[in-house]
Amino acid sequence: MPSLSRLAPSYRLQHLAAVVLVGLQCLIAVTGAVVRVTSSGLGCPTWPRCTASSLVPIAHSGIDPANTWIEFGNRMLSGVVGVVTLIVFLLAVLAKPRRNRQVTLAGVMLLGVVAEAIIGGITVLTGLSWWIVCVHFLVSPALVWLSIVHLRAINEGDAKPRWLLPLPLRGLLVALSVVFTVLLIAGTLVTAAGPHGGDARSPRLPLPVASLTQLHGDLLVAFLAMLVALGFALRAFSATKRMWRRYWTLLAVTLVQGLIGFVQYLLSVPMALVVVHVIGAVVVTASTAALWCAARDRGPRLGAPAPEAERLDAQQV
């Protein structure tokens with residue numbers, strides 16, 4: 001019988017599983033948007049079954065088969081996300097040495113995926129009420145953020161986190177993250193009041209779309225202004241190359257996302273651009289999380305090869 005140490009997963013396997021999970025968490029947010037804009041939210045009118053009499057799609061009156069398969073496909077992808085998240089958690093538990101932070105992050109993600117499935121069920125059973133649909137979407141970027149932090153945890157050490165920014169810039173980064181969170185919430189409210197509710201019969205948020213859109217746009221401007229201010233501060237502080245790469249990526253994708261949102265508004269929110277806008281929101285979420293991770297250091301991962309300069313110094317000694 002093999003010993004437990006032989007069952008310990010390699011770093012490469014843990015890293016690969018974490019990367020796959022990041023991709024799946026991003027993908028499930030996008031497919032959820034496809035469900036919404038195609039009015040497929042009640043393509044499977046019950047939960048956890050697709051229909052009252054079948055777990056899988058079958059023909060039923062009043063619902064287009066395409067809508068049924070779109071909704072069912074999203075549910076199946078949710079199952080894949082759950083399985084991969086469970087695998088990531090088990091890999092963290094079986095790792096030698098076991099790293100408590102990695103296990104905790106993987107465990108929280110697993111609980112988040114279970115919660116998301118339950119919220120999805122409530123969403124269907126309440127007929128896609130706008131408030132629960134908002135909650136259902138907002139869990140996705142939270143899980144994307146966690147998956148990025150977990151991936152970073154695999155590639156770093158377990159030392160006490162050391163900020164690579166002075167206190168004022170830490171506060172700016174925290175404020176940037178808070179504004180981004182509010183920006184996401186405002187975006188869900190715009191959609192809740194807009195034309196794409198997931199089903200023509202779903203209850204909508206009874207607030208003027210124009211006012212909500214203005215609020216969403218103002219928050220984006222505030223986010224961009226803080227991001228530009230952070231860039232000037234990083235230049236004065238001489239930030240690390242990794243931090244600069246994360247910063248420029250975040251600035252670029254935010255500008256593109258703002259442009260998409262503006263065009264989307266001018267064209268009266270076409271379906272395709274809604275999906276593209278959600279893709280942008282997911283990418284901005286991941287990029288913000290990556291910048292957050294780059295601002296702190298926990299030392300090298302145990303057993304990781306030393307940087308090239310350190311290896312040369314060791315050889316010379």
Within a strict 4.5 Å, meaning less than it, do heavy atoms of the [X] and [Y] side chains meet?
X    : Y    : result
F180 : P141 : no
N74  : I28  : yes
S78  : E116 : no

Which side-chain N or O atoms in residues 215-223 pair as donor and acceptor under 3.5 Å with protein atoms at least two apart or in another chain?
from: H216; atom 1: ND1; to: L183; atom 2: O; distance (Å): 3.3
from: H216; atom 1: ND1; to: G187; atom 2: N; distance (Å): 3.4
from: D218; atom 1: OD1; to: Q214; atom 2: NE2; distance (Å): 2.9

Looking at L189, T188, T191, which hits side-chain contact (heavy atoms from CB on, under 4.5 Å) with L205?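 Testing each of L189, T188, T191 against L205, the sole residue satisfying side-chain contact (heavy atoms from CB on, under 4.5 Å) is L189.
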Member of L267, L266, V37, V278 meeting the side-chain contact (heavy atoms from CB on, under 4.5 Å) criterion with L273: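 Of all the options given, the one that passes is L267.
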Measure the spacing between [atom1] of [X] and [atom2] of [Y] and express it to the nearest 0.5 Å.
X    : Y    : atom1 : atom2 : result
H15  : N155 : NE2   : CG    : 4.5 Å
W244 : L234 : CH2   : CG    : 5.0 Å
I154 : L16  : CD1   : CG    : 10.0 Å
R101 : H150 : CZ    : NE2   : 9.5 Å
C134 : I119 : SG    : CD1   : 12.0 Å
L172 : L230 : CG    : CG    : 5.0 Å

Nearest heavy-atom pair of V103 and A92: which atoms, and what distance?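 That closest heavy-atom pairing would be CG2-O, 3.5 Å.
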Could you list the residues that satisfy side-chain contact (heavy atoms from CB on, under 4.5 Å) with L110, not counting sequence neighbours?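 Counting only residues at least two positions away or on another chain, L110 forms a side-chain contact (heavy atoms from CB on, under 4.5 Å) with T85, L86, F89.
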Inspect the surroundings of CH2 in W163 and state if more than 12 heavy atoms from other residues, nucleotides or ligands are less than 6.0 Å away.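 Buried by this count: over 12 neighbours within 6.0 Å.
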CZ (R201) with more than 12 external heavy atoms under 6.0 Å: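 No, CZ of R201 has 12 or fewer neighbouring heavy atoms, counting only those of other groups under 6.0 Å.
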Can you tell me which residue pairs pass the disulfide bond (SG atoms under 2.5 Å apart) test with a partner in residues 36-82, sequence neighbours excluded?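 Applying disulfide bond (SG atoms under 2.5 Å apart) to every pair that reaches into residues 36-82, excluding sequence neighbours, yields C44-C50.
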Side chain to side chain donor-acceptor pair (under 3.5 Å) contacts in which one or both residues fall within residues 285-295, not counting sequence neighbours: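 For residues 285-295: none.
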Common cluster, L146/V93, ILVMFWY with side-chain heavy-atom separation under 4.5 Å: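 Hydrophobic grouping puts L146 apart from V93.
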Got a sec, which hydrophobics cluster with W69, joining ILVMFWY side chains under 4.5 Å apart, including via others?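 Other cluster members: V56, F72, M76.
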Under 4.5 Å side-chain heavy-atom separation, chaining through any Ile, Leu, Val, Met, Phe, Trp or Tyr, what else clusters with L91? Say none if it is isolated.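 Listed partners: L13, V83, I87.
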